[in-house]
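Each residue takes its place number in the sequence, starting with 1. Predicted model, so just to flag it, every value in this text is computed and none were measured.
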Amino acid sequence: MKTYLLPSRAASDPADLTGASDDENLETQEDLNPPCVLVFNASDPSGAGGLAGDALAMASVGAHMLPVVTGAYARDTAEIFDHFPFDEEAVAEQARAILEDVEVRLIKVGFVGTPEILSTIAETASDYPDLPLVAYMPNLSWWEENQIEPYHDAFRDLLLPQTTVLVGNHSTLWRWLLPDWTGDRSPTARDIARAAGEHGVPYTLVTGIVLPDQYFDNVLASPQAVLANEKFERLEAVFSGAGDTLSAALAALLASGTDLTAATSEALSYMDRCLDSGFRPGMGHVLPDRLFWAQTEEDDEEDGDASPADPADFALPPHETRH
């Protein structure tokens, strides 16, 4: 994790001893700034995924998220009950305002709710053809079938042609991109990458491929070849938010200038650590701890025999004002 400490622009003197101009000082500061990633995603009150998950994962690997809210889930830690999309013009105005102000290194798209919003995002991305785009397709089985199909169609036709890296679970991508698969075996990551490539996607990261002995494989592939893979042991828990965590970390690392294969390996390792340190805040699923690196080390906990603070120590004093 990197920490950036920048002086206030108001504190810089144009006539300082370096003789640097305002423009040169600004360029130097911009070089030190964390890379900015424009994210289209929904608000998730559980914190399992959505913009909350994106923000924590991206900050953890050194990027600054520019969140564009596309709607809001009604959900708890166990299940999604509904989703309420924003008007597409509200989404367009959010993106337009920040893009005119901040230099964006990459665009990341999560679940955005409607074909109309997908169209708005595709139109926005087309104005910035040099920006890489990371797209994540989550499992939509909680949604009504008559909503899933048009959303999948719009994502495939409008967004995939502009997508640099598509991220998704093996089962989810298989059923979406290869609905008529009739082979005796499950499609491989390359089969899925080829299907995505037919719509213009050069790289696909396929996660959760079931292996023997309680392992999962995660494979980065192009239509031509497998580029990288990482295997992890299956954890004995049901998680929510793993895909958002992985795609956000990958987007942040790519925005930082890390090459694709290295960024994929780092993002997968980060996700595995988040899941290994997962916690259950409610009565539902386990959530990734995206700030696992900030937890107190065991060695620190062993130093000293101080007893835990009494919650009463932090209570407000009694209000003794008399009227």
Open item on the list: Please check: side-chain N/O of Ser247 versus main-chain N/O of Asp244, any donor-acceptor pairing under 3.5 Å?
Closed with: yes
Task: Straight-line distance of Ile117 CD1 to Asp87 CG, nearest 0.5 Å - done: 8.0 Å
Open item on the list: Using side-chain heavy atoms (C-beta onward) and a distance below 4.5 Å, is Val37 in contact with Pro35?
Closed with: no
Task: Backbone N/O of Ala74 and side chain of Asp82: donor-acceptor pair under 3.5 Å - done: no
Task: Residues that, via side-chain heavy atoms closer than 4.5 angstrom, fall in one hydrophobic cluster with Val210 - done: Phe216
Task: Reported CG-to-OG1 distance for the pair Leu254 and Thr164, which is rounded to 0.5 angstrom - done: 8.5 Å
Open item on the list: Tell me whether the rings of Tyr270 and Phe292 are parallel (<30°), tilted (30 to 60°) or perpendicular (>60°).
Closed with: tilted
Open item on the list: Would you say Thr182 and Asp180 are linked by a side-chain donor-acceptor pair, where the criterion is simply a distance under 3.5 Å?
Closed with: no
TODO: Answer with yes or no whether the hydrophobic clustering places Val102 together with Val68; edges join I, L, V, M, F, W, Y residues whose side-chain heavy atoms lie under 4.5 Å apart.
DONE: yes
Task: Residue pair Ser240 / Pro288: nearest heavy atoms and the distance that separates them - done: O-CD, 3.0 Å
Task: Flag, side chain of His199 to backbone of Leu159, donor-acceptor distance under 3.5 Å - done: no
Open item on the list: Is it the case that over 12 heavy atoms from other parts of the model lie below 6.0 angstrom from the CD atom of Glu144?
Closed with: no
Open item on the list: So does Leu253 get a backbone contact from the side chain of Thr258, meaning a donor-acceptor N/O pair under 3.5 Å?
Closed with: yes
Open item on the list: Strictly below 4.0 Å, N to O, side chains only: are Arg290 and Asp54 in salt-bridge contact?
Closed with: no
Open item on the list: Which heavy atom of Ser46 sits nearest to which heavy atom of Arg75, and what is that distance?
Closed with: OG-NE, 3.5 Å
Task: Under 3.5 Å donor-acceptor, Ser119 side chain and Pro115 backbone - done: no
TODO: Kindly work out whether a path of hydrophobic side-chain contacts (I/L/V/M/F/W/Y, heavy atoms less than 4.5 Å apart) joins Val286 to Ile80.
DONE: yes
- [ ] Quick one: do Leu177 and Leu166 satisfy side-chain contact (heavy atoms from CB on, under 4.5 Å)? Show the steps, please.
- [x] CA-CA 12 Å; Leu177 297 174; Leu166 172 65; 4.0 Å; yes
- [ ] Starting at CG of Asp153, measure out to CZ of Arg156 and round the result to the nearest 0.5 Å.
- [x] 4.5 Å
Task: Where Leu227 and Thr261 come nearest, the two heavy atoms and their spacing - done: O-CG2, 4.1 Å
- [ ] For the pair Ser269 and Arg273, evaluate side-chain hydrogen bond (donor to acceptor under 3.5 Å, both in side chains) and give the outcome as yes or no after the intermediate values.
- [x] CA-CA 6 Å; Ser269 295; Arg273 291 288 304 277; over 6 Å; no
TODO: Step through the shown structure and confirm whether more than 12 heavy atoms of other residues, nucleotides or ligands are within 6.0 Å of OH on Tyr151.
DONE: yes
Open item on the list: Please tell me whether Ile121 and Phe84 are part of a single hydrophobic cluster in this structure, the criterion being side-chain heavy atoms less than 4.5 Å apart.
Closed with: no
TODO: Give, for atom CD of Glu123 and atom CG of Leu118, the distance between the pair rounded to the nearest 0.5 Å.
DONE: 13.0 Å
- [ ] Please check if atom CD in Glu93 has more than 12 non-hydrogen atoms from other residues, nucleotides or ligands closer than 6.0 Å.
- [x] yes
Task: Heavy-atom pair of closest approach, residues Pro223 and Gly197 - done: CG-CA, 3.9 Å
Open item on the list: Would you say Ile192 ends up clustered with Val226 if hydrophobic residues are merged whenever their side chains have heavy atoms under 4.5 Å apart, either directly or through other cluster members?
Closed with: yes
TODO: Starting from the C-alpha separation in whole Å, work towards a yes-or-no answer on side-chain hydrogen bond (donor to acceptor under 3.5 Å, both in side chains) for Ser141 and Asn139.
DONE: CA-CA 6 Å; Ser141 60; Asn139 180 355; 3.1 Å; yes
- [ ] Using atom types as modelled and distance alone, determine if a side-chain donor or acceptor of Ser222 lies under 3.5 Å from a backbone N or O of Gln224.
- [x] yes
Open item on the list: Which residues end up grouped with Phe279 if you chain together Ile, Leu, Val, Met, Phe, Trp and Tyr wherever their side-chain heavy atoms are less than 4.5 Å apart?
Closed with: Leu287
Task: Flag, side chain of Asn41 to backbone of Val109, donor-acceptor distance under 3.5 Å - done: no
Task: Parallel, tilted or perpendicular: rings of His83 and Phe111 (30°, 60°) - done: perpendicular
Open item on the list: Show the nearest heavy-atom pair for residues Leu133 and Gln162, with the distance to one decimal.
Closed with: CB-O, 3.5 Å
- [ ] Without swapping roles, check the side chain of Arg280 against the backbone of Gly284 for a donor-acceptor pair under 3.5 Å.
- [x] yes
Task: Greater than 12 external heavy atoms within 6.0 Å of Glu79's CD - done: yes
Open item on the list: For a side-chain contact (heavy atoms from CB on, under 4.5 Å) check, start with the C-alpha distance between His152 and Met137, then their side-chain angles and the critical distance, and finish with the verdict.
Closed with: CA-CA 9 Å; His152 275 166; Met137 176 56 72; 3.7 Å; yes
Task: Nearest heavy atoms of Thr77 and Pro281, plus distance in Å - done: CG2-CG, 4.0 Å
TODO: Dump the intermediate steps for side-chain contact (heavy atoms from CB on, under 4.5 Å) on Thr264 and Leu250, then the final yes or no.
DONE: CA-CA 6 Å; Thr264 299; Leu250 176 64; 3.9 Å; yes
Open item on the list: Could you see if Val61 belongs to whatever hydrophobic cluster contains Leu51? Use Ile, Leu, Val, Met, Phe, Trp, Tyr and a side-chain cutoff under 4.5 Å.
Closed with: no
TODO: Output, in order, the C-alpha distance, side-chain angles, deciding distance and verdict of side-chain contact (heavy atoms from CB on, under 4.5 Å) for Asp217 and Lys231.
DONE: CA-CA 4 Å; Asp217 202 6; Lys231 292 190 294 185; 3.4 Å; yes
- [ ] Hey, could you give me the CG/CZ distance between Leu66 and Arg105, rounded to the nearest 0.5 Å?
- [x] 11.5 Å
Task: Salt bridge present between Asp191 and Arg185 (N-O < 4.0 angstrom) - done: yes
TODO: Calculate, to the nearest 0.5 Å, the distance between atoms OG1 and CZ belonging to Thr204 and Arg194 respectively.
DONE: 11.5 Å
- [ ] For residues Lys108 and Met65, determine if any side-chain heavy atom of one lies less than 4.5 Å from a side-chain heavy atom of the other.
- [x] no
